[in-house]
Every structure is written in structure tokens, then in C-alpha cells.
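Notes follow the structure.
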Amino acid sequence: MKAFAYERPATVQDAARLAAERPDARFIAGGTNLLDLMKLQIETPATLIDVNRLPLADVTDTEEGGLRIGALVRNSDLAAHPRVRADYAVLSKALLAGASGQLRNKATTAGNLLQRTRCYYFYDTTKPCNKREPGSGCAAIGGFNRIMAVLGASDACIATNPSDMNVAMRVLDATVETIDPKGATRTIPIAEFHRLPGDTPQIETTLKPGELITAVTLPKPVAGVHLYRKVRDRASYAFATVSVAAIIAKGEGDRPKLAKLAFGGLAHKPWRIEAAEAALVETGSADAASDRVLEGARGQGSNDFKIPLTRRTLRATVAEALRA
């Protein structure tokens with residue numbers, strides 16, 4: 001690990017200002033991802049800006065009936081929050097499916113949003129990686145790519161977003177709140193927060209330089225069965241090969257009257273296709289929904305199995321929801 005300066009700002013605007021003044025700085029809270037990257041010298045910030053003492057750790061109700069989650073709320077606390085368990089169960093289930101209890105006790109809401117890929121080649125500094133070194137190439141294309149993307153990828157990058165929480169946030173239509181160095185705030189729909197790789201896979205979100213996440217807001221809850229199904233190579237502490245976050249309300253017979261679906265393990269960002277949800281409601285067929293989700297899907301050899309696995313996972317999720 002390389003030497004770095006350390007700052008502990010007193011206000012959120014001071015934190016954003018410091019980050020803007022020092023482009024090679026990084027915010028740190030739990031550090032569950034960043035510190036690993038620093039030890040491997042994948043991330044080499046000259047300055048760490050510690051945001052742990054900022055007043056961003058509350059979970060509060062909104063006037064619209066939703067929930068506002070501070071950026072520093074720990075994953076364990078969020079998963080156990082009574083309102084989350086009652087009204088946003090898919091989020092609680094997704095958080096509990098990710099990592100160990102020790103990591104959930106440290107990891108934060110904002111940090112989870114910004115979690116970087118677990119691509120083997122991104123972590124191996126002896127191999128080319130456009131995300132780590134733009135223009136160097138993508139060793140995963142033509143390499144061992146079992147965990148890589150089958151949707152939304154590009155010739156520059158086939159990495160996936162590793163977060164379970166992000167998939168649940170996508171199905172819940174969350175919005176991300178930020179503050180910039182001048183004190184201006186904005187809200188970013190979760191659908192627009194993460195970027196597809198295109199020609200610039202090193203740019204992973206729509207955050208601007210110095211912009212600090214302050215909270216995530218969930219809209220008024222949607223009634224229905226909340227499920228998070230995660231398929232992985234081992235039973236615990238593994239990233240998803242395919243995951244499905246679902247909110248499904250039963251209608252008459254075997255056809256749901258409402259369906260919201262988001263997928264993890266398939267793309268550079270949580271994957272949601274509203275046309276697939278409409279297909280499930282209109283036809284009652286998980287396969288019809290899968291057809292829409294998987295339009296344009298392309299395996300890379302070792303990960304071809306993800307395409308039929310997505311179909312089977314969605315079938316099982318829908319069947320479980322309709323039995324509940």
C-alpha cells in the first residue's frame with residue numbers, strides 16, 4: 001500500500017470541496033472494497049477523506065410515505081431496520097445475501113452503491129484491463145469469464161456489478177441524493193446512476209468530480225411478495241452468477257397483476273427491462289419475461305450458462321411468489 005494523506009472534514013460540503021480540490025482523493029467509510037484495492041495498488045489515492053463522522057447515518061420516513069437512508073447507514077443496520085423488513089423486504093433479503101456479518105457491520109449504503117467489479121483481471125495487475133488502465137485491453141474477452149456479463153457489455157469491458165443491494169435498489173426505484181463542492185444538491189434515479197461500459201468502462205457512475213452521496217431515498221412501498229433469489233457458486237460469501245430481485249402481486253389464477261424485476265450478475269449495472277415485467281403480467285409466463293430480459297444477450301464462452309440459468313432462476317422466483 002502506498003502512503004497517503006488523511007483528512008476528516010467536519011461537514012458534507014467540506015468533504016465534497018476537498019475531493020474536488022484533490023482529484024486523486026477518495027472518500028472512505030467502511031473501506032471494505034477500497035482498502036483491498038489499495039493493498040493491491042489498483043487504487044492509489046494520494047488522500048483519503050474520512051466521512052464516518054458526518055451526520056449521514058439516519059433512516060427516516062419521508063412525507064410521501066417512503067424512506068430516506070443516510071449514506072453511512074451500515075448494511076447490517078439497514079437489513080434489520082423494522083421499516084425495511086416490513087415494507088421493503090426485498091432490500092433486507094438482498095443485503096443479507098451479500099458478504100459476511102462482519103463485512104455487513106462495516107459496509108455502508110453509499111459504499112455499496114460504489115462497489116467495484118470483482119472481475120478476475122481487474123484484480124490482477126499483470127493482465128490488461130481497460131477499467132484499470134484505459135486503452136490496455138480486456139483480458140476477460142477470450143479469457144476465463146465465468147462471472148462476466150452477458151448483457152450490456154462492450155468490446156472494451158465485460159465486467160459485472162457485484163452488488164446485491166444495488167439490484168434491490170433498482171427494483172425499488174430508489175433515487176440517490178448528492179451534494180457537490182458548491183453545496184448544490186441533486187437526485188439521481190438509480191436507473192441512471194450506474195453506467196454501461198461502452199468505450200469508457202473506467203467511468204462507472206454519473207457522479208461528477210467531488211460529488212458526495214448523502215442518502216438514498218425509496219418511494220412509497222409497493223404491495224406484493226418481495227423476493228431476492230441469488231444463484232452462486234457456493235452457499236455463502238460468494239457473488240451472484242445470477243440474481244433476481246422481484247416484487248410480484250398475485251392476480252387471478254396463475255397470472256400476477258403486478259411485477260417488478262431486476263437482475264444481478266448479468267451486466268455492468270443492475271439490469272431491469274420494464275417490457276419484461278409487462279410481458280409477465282400480460283401472459284403469466286416467466287419464459288415470455290425472460291425473452292425480453294435476454295434480448296441481445298451474448299455469452300463469452302465460460303459464461304454461456306448464464307443465459308439458460310437466468311431463465312430457470314426467473315421461473316423459480318415467479319413460482320415462489322405465486323405460491324406465497
Side-chain angles (χ1 to χ4, degrees), residues 1-2 4-12 14-16 18-19 22 24-60 67-81 84 88 91-118 122-123 160-169 174 176-179 190 193-194 204-205 207 210-218 228 230 236-240 264 270:
M1 183 182 291
K2 293 187 176 181
F4 55 86
Y6 175 79
E7 298 283 354
R8 195 167 65 190
T11 68
V12 292
D14 285 344
L18 278 169
R22 307 178 189 184
D24 54 0
R26 295 290 185 274
F27 296 119
I28 187 167
T32 57
N33 188 201
L34 178 60
L35 290 178
D36 285 343
L37 295 172
M38 289 175 65
K39 290 174 184 176
L40 294 168
Q41 296 191 14
I42 295 166
E43 291 269 9
T44 55
T47 304
L48 288 185
I49 302 171
D50 187 342
V51 296
N52 278 295
R53 297 198 178 188
L54 300 181
L56 301 173
D58 293 328
V59 180
T60 55
L67 203 64
R68 187 174 187 272
I69 302 160
L72 293 176
V73 175
R74 307 291 164 170
N75 286 179
S76 289
D77 294 333
L78 186 58
H81 192 279
V84 174
Y88 305 97
L91 176 57
S92 181
K93 292 173 181 180
L95 287 164
L96 292 173
S100 65
Q102 294 94 326
L103 286 171
R104 292 197 300 270
N105 288 342
K106 292 294 290 182
T108 62
T109 300
N112 207 323
L113 281 172
L114 297 172
Q115 192 176 175
R116 304 200 71 187
T117 185
R118 261 50 180 195
F122 174 70
Y123 274 80
T160 54
N161 187 298
S163 171
D164 295 291
M165 185 198 79
N166 289 346
V167 185
M169 290 293 192
V176 181
E177 299 180 14
T178 68
I179 187 169
I190 190 72
F193 182 78
H194 297 101
E204 298 172 342
T205 72
L207 290 175
E211 200 168 12
L212 173 67
I213 297 172
T214 54
V216 176
T217 301
L218 303 179
Y228 186 73
K230 180 178 181 179
S236 63
Y237 313 152
F239 298 100

If the condition is side-chain contact (heavy atoms from CB on, under 4.5 Å), which residues does [X] pass it with, not counting sequence neighbours?
X: Ser100; result: Gln102, Leu103, Tyr237
X: Thr117; result: Cys119, Phe122, Lys131, Ala159
X: Thr205; result: Leu114, Phe193, His194, Leu207
X: Ala174; result: Met169, Ile190, Val216, Leu218

Only counting residues at least two apart or in another chain, list the ones meeting salt bridge (Lys or Arg N to Asp or Glu O under 4.0 Å) with [X].
X: Arg68; result: Glu177
X: Arg8; result: none
X: Asp58; result: none

Asn112 side chain near Leu95 side chain, heavy-atom distance below 4.5 Å: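 Heavy-atom side-chain distance check passes, below 4.5 Å.
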
I'd like a table of donor-acceptor pairs (distance under 3.5 Å, sequence neighbours excluded) in which one partner is a side-chain atom from residues 40-48, with atom names and distances.
from	atom 1	to	atom 2	distance (Å)
Glu43	OE1	Arg26	NE	3.0
Glu43	OE1	Arg26	NH2	3.2
Glu43	OE2	Arg116	NH1	2.9

Side chain to side chain contact (heavy atoms under 4.5 Å, CB included) assessment of Leu212 paired with Leu54: CA-CA 11 Å; Leu212 173 67; Leu54 300 181; 4.2 Å; yes

Audit row: Asp50, Glu7, side chain to side chain contact (heavy atoms under 4.5 Å, CB included) steps and yes/no: CA-CA 6 Å; Asp50 187 342; Glu7 298 283 354; over 6 Å; no

Side chain to side chain contact (heavy atoms under 4.5 Å, CB included) between Leu37 and Tyr123, intermediate numbers included: CA-CA 8 Å; Leu37 295 172; Tyr123 274 80; 3.7 Å; yes

Thr217 OG1 to Leu67 CG distance, which is reported to the nearest 0.5 Å: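 The OG1 atom of Thr217 sits 8.5 Å away from the CG atom of Leu67.
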
Asn52 CG to Ile28 CD1 distance, which is reported to the nearest 0.5 Å: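 Answer for the CG-CD1 pair, Asn52 versus Ile28, is 8.0 Å.
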
Residues Thr32, Gln115; criterion side chain to side chain contact (heavy atoms under 4.5 Å, CB included); working and verdict: CA-CA 9 Å; Thr32 57; Gln115 192 176 175; over 6 Å; no

Please name all residues satisfying side-chain hydrogen bond (donor to acceptor under 3.5 Å, both in side chains) with [X], sequence neighbours left out, ordered by chain then number.
X: Asn161; value: Asn166
X: Thr178; value: Glu211
X: Lys230; value: Asp164
X: Thr214; value: none

